[in-house]
Each structure stands twice: as structure tokens, then as C-alpha cells.
Amino acid sequence: MKKKVLVLTGGGDCPGLNAVIRGIVKRAAQTEDWEVVGSIQSFDGVLREPTEIVELTEKSVSGIHYQGGTILGTTTKGGPLNWPVKENDGSWSFIDRSDEMVRKLKHMGVEAVISIGGDGSQRISQVLFEKGLNIIGVPKTIDNDLSSTDYTFGYQTAVQIATEAVDRLVTTAASHNRVIILEVMGRDAGWIALSSAIAGGAEICLIPEIPYDINNVLKVINKRFKDGKGHVIIVVAEGAKPIDGGALAEESDEIGNANLKLSGVANKLLKDLKAAGCNADMRETVLGHLQRGGVPIAFDRILATQFGVKAMELALEGDFGKMVAYQHPNIVAVPFLEAISKYNIVKPDSSLVKTARGVGMCLGN
Amino acid sequence: MKQRILIVNSGGDCPGMNAVIRAIVKRTSLEPNWEVIGSVNSFDGILSEPLEIMPLTEENVEGIHIQGGTILTTNNKRNPFCYPIMQEDGTVINKDVSDKIMYNLKVFGFDAVIHIGGNESHKISLKLFEKGINIVGIPKTINNDLSSTDYSFGFQTAAQVATEAIDKLVTTASSHNRILILEVMGRDAGWIALHAAIAGGADVCLIPEIPFSMDKVIEKLKSRYSADGRGFANIVVAEGAYYIDENGDVISGNIARKIASKLKEINFEADIRETILGHLQRGGTPIAFDRILATALGVKAFELVKEKKFGTMAIHKNAEMEHIALKEVIDKYNKVGLSHNLIHTAKGVGISFGD
């Protein structure tokens, strides 16, 4: 009988997930004695009765590397450590099903698990690893906020999409002498905002790492209009905050999703600018899930394929409890605990910030 | 009087050159006493009489970071140490005109030169520096073949363009059960081919660093077809790839066509077509990655000038902008190492290098 590796994708989707799955399957296909199966919707496929497990063959992954999303489906809700259960009174409670799941995977003959997910997923993986599960992690986030890897796949695609949005907004802003505010993703990190602002040539970029002063933003807008350059592009990260306040966040309405929902910062900025006396014509665009959808760019497909091959090789070597990571130009394996110990946020003295300031961009402070 | 910087770009064009120019100008405009001027068509501008130079202001660089090419135009045959001069009878004689550059820079009040170019260009930069010119280099190559910088702008755009070509070729190859061969740029380095082959999911990738055997390529292609002739295969071949035939001759140049005719010669039972991507890899809008890198290099180059760190090149190292002495970068090529992880990854997903 062949040895079984189980693959699953958890957390928000991200361009490149399918390229990782294909990388794993194609690498396994070169061995004599390994086969790959996938769990539908993260660990749910294993925990459900009957289980939802699909066979992954070279044929079933053919060509999926250029499709966005994940053929296995994903979920941001719950997980084996806090599985949502509906009580008789309609309320929800959460139970820990991890021991049951580890037993179940053993019973199913799974020799190794490869979990593709964000920092939340890697945390779950560490707990499962401590419970004796042979598990390997693959980092996934469009936000680029993991410190142990130079880049995560999906991030460059998100930057590219946000940049193309800036390109388009510039021509319409210039034609109408407008201020246009573009809200992009990134959670508590400003990577997507700052990168797309530099690539697209925005005048103002507001990121969570550098709280902004609305008066400085207004000053730059007024100066641009006075100089006869009648348009301004502002890229604002969803987690950006003013010097005298916090980020706009609300609890998610999804059961078991611990992440706060960040949104509305562009709208708030627009209103605040108006209140502060800005009389320019202003518009907002919230890019939303366009940043997660569609074909991954070449950079992300390559990185994702490298991660997939490396993760499968860790399974072959029996090297568990680790997450694959990119440390230019190598692909390495980092213990989970180390991988999730630190966030990667934009440092105010980094080259990227210096570059933004160097081309005269206002960062709101 | 303001201090003056002359921008010269040399060599083949490359998506991101305009983003570099814009960044230098925007960074300079934050300083009260500096100005930037561009030399048209590589060193021609500073050598012509009258000079062909272009004042570069924030207004005339606005929005150019989105455009491919270079607003200054470029040329890869303008080495000032071996500069072509047309004679009255129409013949061309190459002369060393570097003294004239020195003279013109002095007379027209230039304090520094920022030279954007590839490996050959920076050999010139070093010689000009050794003559006493205050020069700072910026690496430029779509081929990713400079070892001193982790990335050069233009490369990721070229890899993206080549990948999108494979995406298209895969659907037509599979519809017709064909073998499609895509020839990409890269000179003596296989980076573009290797990246595109992994990202696009090609079956065979042929690069200069791994001389291939036609027998091995044929073996891989056969494995892609069933007994009744169904199947398809995509080959990505770098322009510098080669093989040695049964007579011991090196087969190189126009390599896609030569592979196609060899396959036809042995009556390979599939239809074979080739595509030569050519200058599509150099044209058009740079992707975000390259615009950011180009902008960072432009800002860094100005700062090197301001700090009087001449005879250096701005580079990207470990996610930060750094600089390196020009004499350290000459002839240090970055080829695909056989132990590079991308080779490992490619083999891991079953791509054949024909070895």
C-alpha cells in the first residue's frame, strides 16, 4: 500500500494555492510509494462524517497552477481546536476536536499532513504537532506579514493588482481634478499599500505602521492643487490609523472567525478630510477581494511551486514540525514556533520607506 | 549655480528604465540645489555638437514609470572608448572619445553622471571613473545575469511576459496534440527560461548552463504522448541553449527552429511549431515588482551621488538597497547554478532539462 500525504488549505484564499497543491502532487508522483489526498475546506473534510477527502493525481492537478483560489476549498471559520457546535437554544459553543482528529488521521493511514495557511493555521499546526501529528506547514498570506520568509506567494499578485488599480485611478483623477482614495488589504501591515503606492506613483500612502495626521494629508492635497496639479491619489491600507485613534475594525459575522474585519478606512478618511476643510472633489475605491482572486503572476507561481516541492520533500525525509520558507535564494524549513514568533511589518527605516519618501511621497506624518 | 547630474542609459532597453529616470528626478527635486539632465541616445547626447541633452523636470517625468522603454532612447553601440565616427566617405572608424566626454562634462558644468546599463556598460563606467569622472552605476538587464544584485529590474516583467506566452501556448498545444517550442531571451543565462518553465508548467526547459541531448528531449516528449498519438508538450528554450550532435558539432543559434527541424527529421509523430518571443520581452509596461525596484535604485543612486560615493553601483541585497564598488561587479556573471533551488524545483515537478 502507498503512503498517504494529506493536503489542506486554510484561511483566506490567495493566488498560488493551487500551484502549491500541484507542486506537492507532481513531486509525489515521482516517487514509487507515495500518494496525495486532499481534505475539503481545511480540516473540515477530515472531521465531517462522512469525511470529504479527494484523491489528487497528476491528472486532477493538470493546469491548476494558473487558476486562482484553491480546488480544495478553504474556510476562515473554526478549526479542530475550536470546532463550532450549535446548541439546542441556537447559540454556538466551541469544542476541541484535535485529539479525535489526530486519531482519525492515523486510522485513515495518513503518514503526513501538509497544511497550507496563514499564521493562524501554523499555530494550529504546532498544537497538532505536539499531539504527535506528522505535519508540515506552507505559509500563505497576501499580506506578506510573516517574518521568517522573504516573501509569501500571493503577495506580489496583490501588489500587481493594486498597482494596476492606481494606474487606472490616475487617469480618471487627472481628467476630473479629483482626489481619489484607494483602500487596499494588508491587515496590520502596510506592504501592499506602500508597494503599490510606489509602483503606481501615488502622492500619499497611509499605512498602519506610521499613524497619520489628517492635517499633513490635507496640506499635501492643498499644495498639489495650488501648484496647478489638480489631482491626488491616496493609497490607504485597511489597517491604517490616525495619530489620535485606532484602526477601524469590527467583529466578523462569521461563526468562529477570530479575525476582526477591517474596512471603511477610505470612507472615514474622505469624511475626515471634508470635515478638516478639504474642498476638492473626492472619491473612494475599495479594492476588496479583487486582490485575492484570479491568475497568480509568474513570481507567485514559481514561489508556490518551490514551496510545494519542498514541503513534499520534508514529508519524504520525515522532517516534521516545520514550515517551508523563502530565504533568498534558498527554500528552507523553519520550526513552527520560530515561524510564528514575529510579524513582518514595514519598518519606518526600511529601504521601501526611504524610497517612498525619496520620490516625495507623503506618508501622513 | 545648481549642481548638475547627467543621466546616461546604455545597452538594450528594459522595462523600468523610465521608472529609474523618474525616481532620480523626483529625489533630486527634493533638494534645493541640484538638477538633472539626460543625455539622448546613450553617450551620443553629451558627445554631439551641439549637445543633445534634455532637462529633466518633475513635469516631464510625470507618469513615465508606467511606460516601457526609455524617454532618453538608448543604444548598445556607443562605447566612448571605441566610439563609431562616420567619415566623409561614409565609412565608420571607431575612436576613443572619452577625453571629449571629460571635457564636455567639465565645460557644461556636470558634477556627476548616473549610468544605467548592463555588464558591458559598467565596464565603461569603471574606465570613466578611473579617468576621474564622478560616476554612479545602476544595473539594468532583463537577463538577471549580474551577480552583485539580488534582482535587476526588467527581469520579472520578462519572466511574466514569457509565462503568459506559455499559458497561451499550452491551450493551443493541447487542443491540437502539438509540440510547441517557445524561444526566450537570456543571453548566456537561463533565468527567463527557467522561471517561465516553472511558472507556466512546461515539460522541457533547455538552458545554456545545462547542455542538452536531443535523445533525452525526444525521450521526454515521447512520454507525453499515448500510443494513439494523443498528448501535447511544451518546450521552453533559452536563446543561448545548445546541444552537441552525433558528429560532435555544437548546435546553437536559432535554437527553437533547429530543435523543430531535428524533430521533423526523425519523423516525430506530432505536429511541431515554434514561437520566438523576441522583443515582446523588452517592451511594454513594467510589472509592479520592477517599478518598485527601479524606483528604489533611482533614489539610491542620487543618494550615492550626494554622498560622493562615486565609482559604485546601486544594488538590491537582502531586501535593502546597498552599493558596491564598480570594480567588484565587472565580469561577475550570475548564471543558473546547477544546485540552485529552482533547478531542484523544476526537476521536482518533472520538468526535463534534456540532460
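The chains referred to below are lettered A, B, ... by the order of the sequence lines, with proteins before strands, and numbering in each begins at 1.
- Remark: A:Lys342 NZ is loosely packed, at most 12 non-hydrogen atoms of other residues, nucleotides or ligands lying under 6.0 Å away.
- Using a 4.5 Å cut-off between heavy atoms, A:Leu352 touches chain B through its side chain atoms alone.
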* When you look at A:Gln306 and B:Leu342, which way does the side-chain contact (heavy atoms from CB on, under 4.5 Å) test go after all the steps? -> CA-CA 7 Å; A:Gln306 291 192 86; B:Leu342 285 174; 3.4 Å; yes
* **Test side-chain contact (heavy atoms from CB on, under 4.5 Å) applied to B:Leu297 and A:Thr355, step by step** => CA-CA 8 Å; B:Leu297 286 167; A:Thr355 296; over 6 Å; no
Which donor-acceptor pairs under 3.5 Å do side chains of residues 159-167 of chain B form with protein atoms, sequence neighbours excluded?
residue, atom, partner, partner atom, Å
B:Gln160, OE1, A:Ala298, N, 2.6
B:Gln160, NE2, B:Glu164, OE2, 2.6
B:Thr163, OG1, B:Ala159, O, 2.7
B:Asp167, OD1, A:Arg301, NH1, 3.0
B:Asp167, OD2, A:Arg301, NH2, 2.8

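- Residue B:Thr171 touches chain A through its side chain alone, counting heavy-atom pairs closer than 4.5 Å.
- Proximity to chain B is absent for every atom of A:Lys310, based on heavy atoms less than 4.5 angstrom apart.
- Residues that satisfy the ring-ring contact (aromatic ring centres under 6.0 Å, His included) test with B:Phe155, not counting sequence neighbours, are B:His195.
- How far OG1 of A:Thr305 is from CD1 of B:Ile198: 7.0 Å, rounded to the nearest 0.5 Å.
- With contacts defined as side-chain heavy-atom distances shorter than 4.5 Å, the pair A:Gln156/B:Gln156 does not qualify.
- With A:Gln30 contributing its side chain and B:Lys347 its backbone, the two residues share a donor-acceptor pair below 3.5 Å.
- Without hydrogens or angle criteria, B:Glu320 side chain to A:Ser351 main chain gives a donor-acceptor distance under 3.5 Å.
- To the nearest 0.5 Å, the span separating CG on A:Asp300 from CZ on B:Phe289 amounts to 10.5 Å.
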* To do: Apply side-chain contact (heavy atoms from CB on, under 4.5 Å) to the pair B:Leu194 and A:Ile302, showing each step before the final yes or no.
  => CA-CA 10 Å; B:Leu194 182 57; A:Ile302 295 164; over 6 Å; no
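- Of all the listed residues (A:Ala162, A:Ala29, A:Ala19, A:Gly200), the one sharing the greatest number of non-hydrogen pairs under 4.5 Å with chain B is A:Gly200.
- If you tally non-hydrogen atom pairs under 4.5 Å between each of B:Val299, B:Val349, B:Val170 and chain A, the highest count goes to B:Val349.
- Atom NE2 of A:His328 is separated from atom NZ of B:Lys317 by 7.0 Å, given to the nearest 0.5 angstrom.
- For chain B, the nearby part of A:Tyr151 is the side chain; its heavy atoms alone come within less than 4.5 Å.
- Distance CG/B:Asn341 to CG/A:Asn330: 6.5 Å, rounded to 0.5 Å.
- Contact annotation for A:Gln160: both backbone and side-chain heavy atoms come within less than 4.5 Å of a heavy atom of chain B.
- The environment of B:Lys216 atom NZ is sparse: at most 12 non-hydrogen atoms of other residues, nucleotides or ligands sit within 6.0 angstrom.
- Residue A:Glu164: no heavy atom, backbone or side chain, is found under 4.5 Å from chain B.
- Both the backbone and the side chain of B:Ile287 have a heavy atom closer than 4.5 Å to some heavy atom of chain A.
- With a threshold of 4.5 angstrom between heavy atoms, A:Tyr155 does not approach chain B through any atom at all.
- Residue with the most contacts toward chain A among B:Ala23, B:Gly200, B:Gly350: B:Gly200 (heavy-atom pairs, distance under 4.5 Å).
- Listed options A:Ala356, A:Ser62, A:Ser195, A:Gly308 were ranked by heavy-atom pairs under 4.5 angstrom with chain B; first place goes to A:Ser195.
- Among all heavy-atom pairs drawn from B:Ala288 and A:Val159, the shortest one is CB-CG1, 3.7 Å.
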